[in-house]
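Here is the naming used below: chain letters follow the sequence lines, and residue numbers restart at 1 for every chain. Everything numeric in this text was worked out from a predicted model, so none of it was measured. These values consider heavy atoms only, across backbone and side chains, with no hydrogens, waters or symmetry-generated copies.
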Amino acid sequence: MKVLNAIKASILDYCQQEFGIENNPNFLNISLTNPNFRSTGDYSFNFNGLRKFTTLDNTAFGEKLINESNFKLVIAEYDKGNFQIASAALKTGFINVKFSDLFWQIQLQEIAAKAQFTTHSKKAEKVLVEYGGPNTNKPLHIGHVRNMFLGFAMCEILKANGYKVIKANIYNDRGIAICKSMAAYIERSKGATPESTGIKGDHFVGDYYVLFGRIVEEQLRAIHHIPEDVANVYKHLGKEREVAEQETPIFQFAKELLLKWEAGEEQTVNLWKQMNAWVYEGFNQTYNNIGVDFEKNYYESETYKLGKSVITEGLEKKVFYKRADGAVAIDLTADGLDEKVLLRSDGTSIYITQDLGTAQLRYDEFAMDKMVYVVANEQDYHFKVLKLALQKLGKKWADGIYHLSYALVESPTGRFKSREGKTADADDLIAEVLRIAEEQTKALGKIDGFTNEQAEELYKTIGLGALKFFVLRVNPYKKIIFNPEESIDFHGHTGPYIQFAHARICAILRKAGAVEQKLKDAVALSNTERDLILMLSDYPNMLTTAAEKYDPSEVANYVYKLAQAYSKFYSEQPVLAAENEAEKKFRVLLSAQVARLINEGMKLLGIRVPEKM
RNA sequence: GGUUCGGUAGCUCAGUUGGAUAGAGCAACAGCCUUCUAAGCUGUGGGUCAUUGGUUCGAAUCCAAUCCGAAUCACCA
């Protein structure tokens with residue numbers, strides 16, 4: 001808020017003149033008043049940072065600030081009502097300012113008058129956000145779900161901060177993995193298709209990937225005459241799966257397919273296209289279902305040879321060097337990392353080569369100011385190398401690279417493994433969440449007067465709302481323990497709790513008729529009403545923080561707190577049956593704005609809010 | 001072993017550019033529906049902020065060491 005900055009400036013100016021203290025904004029900390037002292041103020045100015053340059057004690061120094069600087073004058077400029085300054089707090093180093101009721105009512109009206117909260121203070125910087133990043137040989141799992149929720153929310157948050165956002169997905173659509181599915185398909189499918197079997201395309205292809213693993217086992221049993229009662233073939237052989245499988249005919253076949261694909265052999269390429277097409281159809285259904293989208297798709301098959309020009313550039317600039325064995329590398333030991341190979345000795349690309357090339361490709365295409373990679377924390381090292389390498393090449397735009405690293409989603413017993421039976425499959429998970437939403441909603445008798453279609457819509461809104469909120473409320477770098485039975489809750493710190501607060505406001509607004517944006521008469525505010533307006537006015541601030549920290553959980557927790565305060569207000573104070581017209585109009589306007597910001601905030605998280613539930 | 005990231009109530013998490021008496025939710029217990037939707041509200045109990053030391057007016061927050069957990073340290077992706 002403007003007034004806070006003005007107060008800050010007045011104090012800093014005063015301290016510079018009176019005590020010769022450097023005019024440094026960090027010396028004076030402004031924060032919402034600690035809840036324990038809330039009755040004495042809305043905002044607190046912590047002046048310990050300034051006081052330590054003087055020989056005065058807190059109280060004396062604080063009094064000087066209040067009485068000798070322009071402090072009161074500045075506040076009076078913004079707040080013509082009866083603001084209060086708490087003198088009791090001075091001894092601990094705080095000036096607590098409580099603005100007048102009138103001041104807050106004017107704030108509310110200003111918020112209501114704002115058409116949108118998007119801040120366009122800077123030039124519209126362009127940011128490309130990469131998220132999703134699935135392999136095309138198997139269906140999406142819970143890890144992708146966290147990734148996509150995070151990525152989508154991050155994009156929306158950046159947009160709300162005035163950035164021009166490009167949502168990009170990258171498909172790992174080539175390589176040995178998809179060839180394994182293809183090999184198993186050729187061997188065993190008898191021409192089956194998703195249509196003929198009624199199986200969703202990505203699952204269909206994934207099933208052949210799983211089948212490939214079974215064929216490998218069968219063949220190993222045959223080769224080594226392993227009896228049926230030996231459960232674990234690899235343990236029996238004393239070899240890792242990756243090593244053992246290489247001696248099987250089916251693996252050799254898959255490798256052959258990979259070579260044929262690389263050579264562009266028509267039949268193989270056609271099958272590859274066909275199987276990937278099935279997968280994309282399945283993926284698109286899931287994206288649609290969970291409400292995420294992409295504007296630009298990258299395919300590894302099109303970019304995997306990229307990056308050679310960046311390597312050449314690096315060699316020319318002597319940032320990279322050719323080792324004796326012919327591999328191209330970069331020395332990052334000075335940056336606390338190691339020597340890192342960037343190109344194989346046989347001149348072919350590796351993962352990092354591709355990513356260097358793809359980054360350059362994106363810059364050439366979009367000239368973006370920032371690029372965000374939403375990728376799991378397993379790849380922290382990789383992205384450090386990527387960013388450093390590009391920076392050392394003198395590419396200014398590399399400074400804008402940010403790896404939005406997130407931790408894995410784990411089951412209560414540890415890491416999700418598809419073979420443990422515990423389902424980590426995205427589609428299953430979503431179906432389960434919708435089922436719980438339906439069950440709960442019916443049990444509460446909440447769908448009277450709903451058509452079937454509306455009811456289905458509501459289950460989806462609530463179920464997905466619960467899941468998204470569960471994932472997004474947690475800081476990205478913290479791992480999530482997900483227990484399907486217990487994690488999807490609809491009470492307390494959850495998505496549905498917030499949705500419910502919204503629905504209750506909608507019920508009031510339906511009965512209230514038109515919401516008057518201008519309040520004619522001032523009313524006395526309760527503590528909760530004051531808290532609510534204060535939170536509303538903090539929304540733009542929160543938006544900035546969420547973008548700067550690349551952290552959607554900032555938004556999630558803000559919206560939760562807002563809903564929580566509103567629920568308290570709702571139970572304490574009647575809106576429609578307020579004592580007089582002035583109070584009623586005020587409370588209706590307040591309610592409408594709370595609903596609006598709940599809606600806005602949840603939209604940033606990709607969560608819809610119902611009008612009835 | 002090196003590096004990085006985590007460790008806050010029984011459980012899941014806020015709070016970490018140093019600030020006042022460390023907060024929510026779940027679970028437990030006790031209340032509140034003739035009044036705008038009880039998926040709600042109110043109250044009670046629950047903490048050596050992993051441990052130890054340091055820095056200073058002040059440390060959950062910064063520094064060092066230690067313990068526990070994870071990731072990474074490929075010419076895999």
>> Can you measure A:L28 atom CG to B:rG19 atom C1' for me and round it to whole angstrom units?
In response: 12 Å
>> Between B:rG6 and A:Y477, is there a base-stacking contact, meaning the centre of the base's six-membered ring lies under 5.5 Å from the residue's ring centre while the planes stay under 30° apart?
In response: no
> What is the nucleic acid contact for A:K91, judged by heavy atoms within less than 4.0 Å: base, sugar-phosphate only, or nothing?
Replying inline: nothing
>> Need one value for A:D338: base, sugar-phosphate or nothing, where a base atom within 4.0 Å counts as base even if backbone is also close, heavy atoms only.
In response: sugar-phosphate
> Can you tell which of A:F19, A:F27, A:F53, A:F61 makes a ring pair (Phe, Tyr, Trp, His ring centres under 6.0 Å) with A:F47?
Replying inline: A:F61
> Taking atom C1' in both B:rA22 and B:rG15, what distance in whole Å separates the two?
Replying inline: 8 Å
> Does A:K52 place a side-chain N or O at less than 4.0 Å from the phosphate oxygens OP1/OP2 of B:rU56?
Replying inline: no
>> Check for me whether the distance between the ring centres of A:Y299 and A:W272 falls short of 6.0 Å.
In response: no
> Partner of B:rG31 by Watson-Crick or G-U wobble geometry, both contacts under 3.5 Å, or none?
Replying inline: B:rC41
> Roughly how many Å is it from OH in A:Y351 to P in B:rC73, rounded to a whole number?
Replying inline: 12 Å
>> Between P on B:rC36 and CG on A:L576, what's the gap in Å once rounded to a whole number?
In response: 9 Å
>> For A:A407, is there any backbone N or O sitting under 3.5 Å from a side-chain donor or acceptor partner on A:R146?
In response: yes
> So what does A:S405 hit on the nucleic acid, given a heavy-atom distance under 4.0 Å: a base, only sugar-phosphate, or nothing?
Replying inline: nothing
> Hey, are the side chains of A:E457 and A:R608 touching, using non-hydrogen atoms and a 4.5 Å cut-off?
Replying inline: yes
> Does B:rA39 have A:Y497 stacked on its base, where the ring centres are within less than 5.5 Å and the planes differ by under 30°?
Replying inline: no
> Just checking A:R174: base, sugar-phosphate only, or nothing, at a heavy-atom cut-off of under 4.0 Å?
Replying inline: nothing
>> Under 4.0 Å, counting only non-hydrogen atoms across every strand here, what does A:T441 touch: a base, just sugar-phosphate, or nothing?
In response: base
>> Using only modelled atom types and a 3.5 angstrom limit, is any donor from either the side chain of A:K446 or the base of B:rU37 paired with an acceptor on the other?
In response: yes
> Across all strands, who's sitting opposite B:rG47 as a Watson-Crick or G-U wobble pair, both distances under 3.5 Å?
Replying inline: none
> Between B:rU17 atom P and A:D551 atom CG, what is the distance in whole Å?
Replying inline: 13 Å
>> Work out how far the P atom of B:rA64 is from that of B:rA27, and round it to whole angstrom.
In response: 41 Å
> Which class fits the ring pair A:Y351 and A:H382: parallel under 30°, tilted 30 to 60°, perpendicular over 60°?
Replying inline: parallel
>> Within the 4.0 Å heavy-atom criterion, would you say A:D448 contacts the bases, only the backbone, or no part of the nucleic acid?
In response: nothing
> In whole angstrom, what separates A:F470's CZ from B:rU12's P?
Replying inline: 10 Å
> When you check the phosphate oxygens OP1 and OP2 of B:rA74, does a side-chain N or O of A:R344 lie under 4.0 Å from one of them?
Replying inline: no
> To the side chain of A:K549, which of B:rC75, B:rG15, B:rG19 is closest?
Replying inline: B:rG15
>> Applying the Watson-Crick and G-U wobble criteria at under 3.5 Å, what pairs with B:rC11? Answer none if nothing qualifies.
In response: B:rG25
>> Just to be sure I understand the rule, does A:I462 reach a base, reach only the sugar-phosphate, or reach nothing, if contact means heavy atoms closer than 4.0 Å?
In response: base
> Syn or anti: how is B:rC33 classified when any glycosidic angle within 90° of 0 counts as syn?
Replying inline: syn
> Once you round it to whole Å, what is the distance between C1' of B:rA24 and OH of A:Y558?
Replying inline: 17 Å
> Aromatic rings A:F283 and A:Y171: how do their planes relate, parallel, tilted or perpendicular, breaks at 30° and 60°?
Replying inline: parallel
>> Classify A:G49 by what it touches in the nucleic acid, base, sugar-phosphate, or nothing, heavy-atom distance under 4.0 Å.
In response: base
>> In this structure, how many angstroms lie between the P atom of B:rA39 and the CD1 atom of A:I505, rounded?
In response: 16 Å
>> Suppose we define a pair by two distances each less than 3.5 Å, Watson-Crick or G-U wobble; what does B:rC5 pair with here?
In response: B:rG69
>> Base, sugar-phosphate or nothing for A:Q573? Non-hydrogen atoms, less than 4.0 Å.
In response: base
>> Applying a 4.0 Å non-hydrogen cut-off, can you work out what A:Y381 is touching in the nucleic acid: base, sugar-phosphate, or nothing?
In response: sugar-phosphate
>> Looking at the base of B:rC41, is there any donor atom on it, or on the side chain of A:S567, that sits under 3.5 Å from an acceptor on the other one?
In response: no
> When you check the phosphate oxygens OP1 and OP2 of B:rG7, does a side-chain N or O of A:K478 lie under 4.0 Å from one of them?
Replying inline: yes
> Counting any heavy atom closer than 4.0 Å, what does A:A577 reach on the DNA or RNA strands: base, sugar-phosphate only, or nothing?
Replying inline: nothing
> Looking only at N and O atoms, is any donor in the side chain of A:S553 or the base of B:rA14 less than 3.5 Å from an acceptor on the other one?
Replying inline: no
>> Quick one about A:N377 and A:D380 (side-chain donor to acceptor, distance below 3.5 Å, no hydrogens or angles considered), yes or no?
In response: no
For nucleotides 25-32 of chain B, list the nitrogen or oxygen atoms of the protein found under 3.5 Å from its nitrogen or oxygen atoms, one pair per line.
{"unit_1": "B:rG25", "atom_1": "O2'", "unit_2": "A:H493", "atom_2": "N", "d": "3.0"}

> If you look at every strand shown and take non-hydrogen atoms under 4.0 Å, does A:S571 touch a base, only sugar-phosphate, or nothing?
Replying inline: sugar-phosphate
>> Regarding B:rC75, can its base be found pairing with the side chain of A:D325 as donor and acceptor, where the two atoms are less than 3.5 Å apart?
In response: yes
> Is A:L534 close to A:Y43 at the side-chain level, that is, under 4.5 Å between some pair of heavy atoms?
Replying inline: yes
>> Quiz question: going by heavy-atom distance under 3.5 Å, is there a donor-acceptor pair between the base of B:rA22 and the side chain of A:N36?
In response: no
> Using a cut-off of less than 4.0 Å, is there contact between a side-chain N or O of A:N557 and OP1 or OP2 of B:rG15?
Replying inline: no
> Just checking A:N377: base, sugar-phosphate only, or nothing, at a heavy-atom cut-off of under 4.0 Å?
Replying inline: sugar-phosphate
> Considering only heavy atoms from C-beta outward, does the side chain of A:K255 approach that of A:I176 to under 4.5 Å?
Replying inline: yes
>> Can you confirm if the aromatic rings of A:Y497 and A:H491 lie within a centre distance of less than 6.0 Å?
In response: no
> Atom CG of A:N46 to atom P of B:rU17: distance rounded to whole Å?
Replying inline: 14 Å
>> Using OP1 and OP2 only, check whether a side-chain N or O of A:N475 sits under 4.0 Å from B:rG15.
In response: yes
> With distance as the sole test, does A:T59 use its side chain to make a donor-acceptor pair with the main-chain N or O of A:L90 at under 3.5 Å?
Replying inline: no
> Given the P atoms of B:rU8 and B:rU48, what is the spacing between them in whole Å?
Replying inline: 12 Å
> Using the C1' atom in both, what is the distance from B:rA14 to B:rG6, to the nearest Å?
Replying inline: 16 Å
> Which sits closer to the 5' end of RNA chain B, A:P476 or A:A507, going by the nucleotide each is nearest to?
Replying inline: A:P476
>> Considering every strand and a 4.0 Å limit on heavy-atom distances, what is the contact class for A:V575: base, sugar-phosphate, or nothing?
In response: base
